Amino acid sequence: MKKSNVIYSLFRCTQKKYAKLFIEQGALRFGTIREWATNDNSSLKRVDILEGTFSNLLLETSAKRTEIKPVFRDKQIHFRSKRILDYRGVCFFELCDRHFTHQEEYLDRKMRPVGEISKSYFSGFSEVNIENYKNLDDDEKPSLLIIQPKIFFKRIINYLKANGLQENSDFFIREITYIDKNKRYCINEIFPLELFYKDKYYQEQSEIRIIICSEKFLKTLNNQNGIIHLGYMGDIADVYDYYFEDFQMIKESDNQIVFKLPFPSEPEKLNDIMTIQLIVQAYKDELPERSFTIQERNDYIAPLIKRLKDEYDISFIKEGCVFLTKNGPIYCGRDICKTLIGHGDYFYEKKDFVKAIDAYLKAIDCERLCAEAYYKCGIAFFKIGDSFSAKNYLEKTVLIDKTYENQCKEILLNINN
């Protein structure tokens with residue numbers, strides 16, 4: 001992740017129904033660059049037909065920029081690689097020191113940095129005005145997400161890495177640099193970093209973006225309309241009603257930011273689904289800024305399990321991670337186990353066998369009869385020279401699933417010799 005500023009908050013303008021899904025499930029859609037660059041004949045600033053252009057000069061291009069296509073704007077020709085249009089990304093407004101432009105004195109006679117964001121920034125994402133806003137269904141109303149950046153970026157980086165992506169090759173997180181594309185320009189960066197340069201016309205967007213360029217993961221995203229799910233985000237994000245005036249903020253001495261905003265939308269009670277999601281997220285070892293031991297995880301989820309039972313009459317069976325609801329059981333064990341094995345595989349490929357073992361053991365704790373987890377745990381123990389544990393887990397693998405017998409036998413021979 002490349003950034004040059006301290007980021008205090010992230011903003012994202014979206015409809016309230018999508019803001020709620022972000023809070024409840026961490027649902028986040030990565031749009032295609034083609035969508036961003038397509039002129040929909042609206043006056044909104046979210047459309048930039050020059051997205052991903054790298055030059056307006058006729059010159060030799062790098063070998064990686066294949067199928068160069070011209071883009072025309074105001075009688076100028078710009079150039080863009082065709083394949084960049086199929087990459088996906090998501091954007092946020094980053095609130096930084098540069099947004100605090102002057103100081104004001106307050107009742108305690110102390111001077112504090114203050115700043116404001118023009119209402120034109122928000123209106124650039126929605127054609128709704130204050131007159132027709134009240135007539136919209138609540139879920140259709142434009143709203144503002146305010147997100148804690150440090151935890152959010154850590155969470156999304158962990159998610160992408162757990163899915164096999166490498167930072168700065170399969171995905172990039174960078175601030176946007178704003179340049180004058182009416183003048184001659186050529187972006188001398190490796191492909192596809194031209195996606196982090198925009199025309200200065202958009203500079204009030206103060207944008208930081210995440211770009212996905214892994215062909216394999218893009219296929220997955222294409223099959224799910226670009227949407228990923230990061231898990232419950234209500235601990236790091238708030239939803240505010242749409243703001244139709246200039247947005248004012250004050251920076252306190254401890255770098256806490258005070259927003260002069262309407263009150264946040266009424267927070268939803270942690271309902272049964274959210275509580276289940278938190279438990280599953282803890283089992284998957286995907287809670288922000290923490291990695292539990294099995295005992296720590298059990299201590300963390302104990303009050304959540306009690307809440308489910310007391311308030312919703314939902315019982316939890318640890319073996320297999322099953323939630324017994326009035327409408328029938330919800331089986332989560334296999335999905336959790338698969339995720340944890342994925343974490344283990346990631347660390348194994350990095351040759352961090354200790355962390356790989358930790359992930360595989362958590363998978364086994366969730367699904368006691370998962371032969372794959374036992375087998376991979378045995379291999380990882382073998383890699384760190386723990387022959388006793390390796391033999392133990394490999395022998396249990398064969399007891400669970402005979403199809404692993406030949407694979408385990410070869411390694412067990414090496415251990416015994």
Side-chain angles (χ1 to χ4, degrees), residues 1-3 7 10 12 22 25-36 51-52 64-66 81 83-92 94 147 149-176 189-196 207-233 236 280-281 284-291 335-353 355-356 358-360 362-363 372 376 380:
M1 176 175 171
K2 184 176 181 180
K3 61 185 182 68
I7 304 174
L10 297 174
R12 184 163 173 79
F22 179 81
Q25 305 173 14
L28 189 62
R29 183 175 186 271
F30 284 73
T32 66
I33 310 306
R34 191 183 308 277
E35 292 168 359
W36 294 355
E51 279 284 3
K64 288 191 175 181
R65 287 187 175 92
T66 56
S81 173
R83 68 189 179 110
I84 212 170
L85 292 170
D86 295 321
Y87 290 175
R88 287 184 176 269
V90 65
C91 309
F92 303 89
E94 57 170 4
I147 306 166
K150 182 178 178 182
I151 299 175
F152 170 74
F153 282 126
K154 182 168 184 178
R155 197 176 295 185
I156 197 165
I157 288 170
N158 287 343
Y159 172 89
L160 294 171
K161 287 183 175 180
N163 279 276
L165 277 67
Q166 299 292 319
E167 191 170 2
N168 296 324
S169 58
D170 297 321
F171 73 94
F172 296 85
I173 303 177
R174 285 193 175 199
E175 298 165 329
I176 293 296
E189 295 238 38
I190 61 170
F191 178 84
L193 295 186
E194 52 263 45
L195 286 170
F196 296 93
E207 191 177 321
I208 187 167
R209 58 174 52 169
I210 306 167
I211 298 294
I212 306 290
C213 47
S214 160
E215 298 295 341
K216 182 178 178 181
F217 194 65
L218 284 171
K219 289 180 181 178
T220 301
L221 285 178
N222 292 340
N223 290 332
Q224 53 200 41
N225 193 29
I227 299 172
I228 66 171
H229 293 86
L230 298 170
Y232 180 68
M233 303 293 264
I236 63 166
V280 171
Q281 200 172 348
K284 287 184 175 181
D285 212 10
E286 291 183 341
L287 286 169
E289 292 203 325
R290 66 184 77 183
S291 180
D335 177 58
I336 294 170
C337 187
K338 182 180 177 182
T339 297
L340 290 168
I341 289 174
H343 292 340
D345 292 347
Y346 170 77
F347 290 121
Y348 186 92
E349 289 177 10
K350 292 287 188 182
K351 301 190 185 304
D352 192 340
F353 301 117
K355 287 185 178 179
D358 180 65
Y360 295 139
K362 288 173 181 174
E372 181 184 4
K376 290 182 173 180

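Keep in mind that what you see is a predicted model, and the values were worked out from it rather than measured.
For the atom pair CH2 (Trp36) and SG (Cys91), the distance works out to 3.5 Å, reported to the nearest 0.5 Å. Here Phe153 contributes atom CZ and Ile7 contributes atom CD1; the two are 5.0 Å apart, rounded to the nearest 0.5 Å. Note: Ile236 CD1 to Ile151 CD1 = 6.0 Å, rounded to the nearest 0.5 Å. The CZ atom of Arg174 sits 11.0 Å away from atom CG of Leu195, with the distance rounded to the nearest 0.5 Å. Distance CG/Leu10 to CZ/Phe152: 7.0 Å, rounded to 0.5 Å. Here CD of Glu372 is found 7.5 Å from SG of Cys337. Values are rounded to the nearest 0.5 Å.
Scanning all heavy atoms of the two residues, the minimum distance from Ala27 to His229 falls at CB-CD2, 3.8 Å. Pairing each heavy atom of Arg155 with each of Leu230, the nearest pair is CD-O, 4.1 Å.
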What do the steps show when you test His343 against Asn158 for side chain to side chain contact (heavy atoms under 4.5 Å, CB included), and what is the final call?
CA-CA 9 Å; His343 292 340; Asn158 287 343; over 6 Å; no
With side chain to side chain contact (heavy atoms under 4.5 Å, CB included) as the criterion, how do Phe22 and Ile147 come out once you've worked through the C-alpha distance, each side chain's angles and the decisive distance to 0.1 Å?
CA-CA 10 Å; Phe22 179 81; Ile147 306 166; 3.8 Å; yes
Stepwise, does the side chain to side chain contact (heavy atoms under 4.5 Å, CB included) test hold for Val90 with Arg12?
CA-CA 10 Å; Val90 65; Arg12 184 163 173 79; 3.7 Å; yes
Please assess Glu194 against Glu189 for the test side chain to side chain contact (heavy atoms under 4.5 Å, CB included), listing each intermediate value before the final yes or no.
CA-CA 7 Å; Glu194 52 263 45; Glu189 295 238 38; 5.9 Å; no
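Between the side chain of Gln224 and the main chain of Leu221, no donor-acceptor pair closer than 3.5 Å is present.
In this structure, Asp352 has no side chain to side chain donor-acceptor pair (under 3.5 Å) partners at least two apart in sequence or on a different chain. Annotation: ring-ring contact (aromatic ring centres under 6.0 Å, His included) contacts of Phe347 (sequence neighbours excluded): none. Applying the salt bridge (Lys or Arg N to Asp or Glu O under 4.0 Å) rule to Glu207 yields the partners Lys198, Arg209; only residues at least two apart in sequence or on another chain are considered. Here Asn225 pairs with Arg29 under the side chain to side chain donor-acceptor pair (under 3.5 Å) rule; sequence neighbours left out. Looking at residues two or more places apart in sequence or on another chain, you find a side chain to side chain donor-acceptor pair (under 3.5 Å) between Gln166 and Lys350.
Tested against Phe30, the residues Ile212, Leu218, Ile227 include a single side-chain contact (heavy atoms from CB on, under 4.5 Å) partner, Ile212. The only option from Ile156, Ile157, Ile211 that meets the side-chain contact (heavy atoms from CB on, under 4.5 Å) definition with Phe171 turns out to be Ile157.
For the pair Asp335 and Lys284, the salt-bridge criterion is met [side-chain N within less than 4.0 Å of a carboxylate O].
Screening residues 337-348 for salt bridge (Lys or Arg N to Asp or Glu O under 4.0 Å) gives Asp345-Lys376 as the qualifying pairs, with residues at least two apart or on separate chains.
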